[in-house]
Trainee: 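Here's a structure for you.
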Amino acid sequence: MNTTEQLAVITKKAWFTKNIGLATRTSRLAADCDSGWRIMAEDEDEKCFDRLEQLELVPLEKICQLEPAFAEIMEQAEEQAFYLVDGQFQLGELPEYWD
């Protein structure tokens with residue numbers, strides 16, 4: 001995967017506070033450059049993705065710079081959720097809203 005061309009959707013809260021709590025990957029892509037990754041802060045819920053003004057499109061390489069542990073899960077399959085715990089992403093259940 002080319003990390004400079006592929007983009008992730010990240011909430012502004014997660015991006016600007018440098019606080020990633022959950023990274024999910026969807027198969028529902030918005031564009032060719034969409035990696036499928038949706039990233040939010042640990043204290044946000046699914047409503048954070050309802051308003052475009054709350055979101056940023058960020059190259060995957062920038063996500064890896066923000067949270068180096070993301071590089072370890074970046075190639076994981078779609079329809080999975082990873083929770084950041086003590087600096088490591090752990091596979092977990094997809095949130096209920098993911099359907």
Trainee: What's the separation between atom CE in Met74 and atom CD in Gln6, rounded to the nearest 0.5 Å?
Mentor: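 Reported to 0.5 Å precision, the distance equals 10.0 Å.
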Trainee: Return yes if some donor-acceptor pair links the side-chain N/O of Gln54 with the main-chain N/O of Arg51 below 3.5 Å, else return no.
Mentor: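 It does not hold such a pair.
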Trainee: Count I, L, V, M, F, W, Y as connected when their side-chain heavy atoms are under 4.5 Å apart, and connections chain through other members. Are Phe49 and Leu29 then in the same cluster?
Mentor: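 Different clusters.
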Trainee: Could you tell me if the side chain of Phe70 sits less than 4.5 Å from the side chain of Trp37, heavy atoms only?
Mentor: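 Result yes, sub-4.5 Å side-chain heavy-atom pair found.
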Trainee: Taking only residues two or more places apart in sequence or in another chain, which ones pass side chain to side chain donor-acceptor pair (under 3.5 Å) with Glu44?
Mentor: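 Scan of Glu44 (side chain to side chain donor-acceptor pair (under 3.5 Å), adjacent residues dropped) gives Thr11.
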Trainee: Under 6.0 Å from the CG atom of Leu52, do we count more than 12 heavy atoms belonging to anything else shown?
Mentor: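 Atom CG in Leu52 is not packed in, count stays at 12 or less.
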Trainee: Locate the shortest heavy-atom distance separating Ala14 from Leu66; write the atom from each residue and the value.
Mentor: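 Heavy atoms only, the tightest pair is O-CD2, 4.2 Å.
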Trainee: Go through the side-chain N and O atoms of Ser27 and Glu79 and say whether any donor and acceptor fall under 3.5 Å apart.
Mentor: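 Glu79 and Ser27 do have a side-chain donor-acceptor pair below 3.5 Å.
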Trainee: So which heavy atom on Leu84 is nearest to which on Ile20, and how close?
Mentor: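 Minimum heavy-atom separation between Leu84 and Ile20: CD2-O, 3.3 Å.
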Trainee: Just wondering, do Glu72 and Gln88 contact through their side chains at under 4.5 Å, heavy atoms?
Mentor: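 Counting from C-beta outward, Gln88 and Glu72 do come under 4.5 Å.
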Trainee: Do Leu94 and Thr24 come close enough that some side-chain heavy atom pair is under 4.5 Å?
Mentor: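 Yes, side chains in contact.
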Trainee: Does the side chain of Ile10 reach to within under 4.5 Å of the side chain of Leu55, using non-hydrogen atoms?
Mentor: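 SC-SC contact between Ile10 and Leu55 ruled out.
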Trainee: Looking only at non-hydrogen atoms, find the nearest pair between Arg25 and Gln76 and report the distance.
Mentor: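 Nearest pair, atom of Arg25 first, then Gln76: NH1-O, 2.5 Å.
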Trainee: Under the ring-ring contact (aromatic ring centres under 6.0 Å, His included) rule, what pairs show up with a residue in residues 8-35, not counting sequence neighbours?
Mentor: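 Every candidate ring-ring contact (aromatic ring centres under 6.0 Å, His included) pair involving residues 8-35 fails, so no pair, neighbours aside, qualifies.
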Trainee: Which heavy-atom pair separates Thr26 from Arg28 by the least distance, and what is that distance?
Mentor: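 Closest approach of Thr26 to Arg28: OG1-N, 3.0 Å.
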Trainee: Are any of the side-chain nitrogens in Asp43 or Lys13 under 4.0 Å away from the carboxylate oxygens of its partner?
Mentor: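 Counted as a salt bridge, because a side-chain N and a carboxylate O are separated by less than 4.0 Å.
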Trainee: Would you say Asp50 has more than 12 foreign heavy atoms packed within less than 6.0 Å of its CG?
Mentor: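 Yes.
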Trainee: Salt bridge or not for Lys12 and Glu56, using N-O below 4.0 Å?
Mentor: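 A salt bridge is present here (some side-chain N lies under 4.0 Å from a carboxylate O).
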Trainee: Minimum heavy-atom separation for Gly87 and Ala69, please, with both atom names.
Mentor: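 Shortest heavy-atom contact: O-CB, 3.3 Å.
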Trainee: Evaluate side chain to side chain contact (heavy atoms under 4.5 Å, CB included) for Glu5 paired with Cys33, printing each intermediate quantity in order.
Mentor: CA-CA 6 Å; Glu5 296 177 8; Cys33 60; 5.9 Å; no
Trainee: Considering all heavy atoms of both residues, which atom of Tyr83 and which atom of Glu93 are nearest to each other, and what is their separation?
Mentor: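 Distance-wise, the nearest heavy atoms are OH-O, 2.8 Å.
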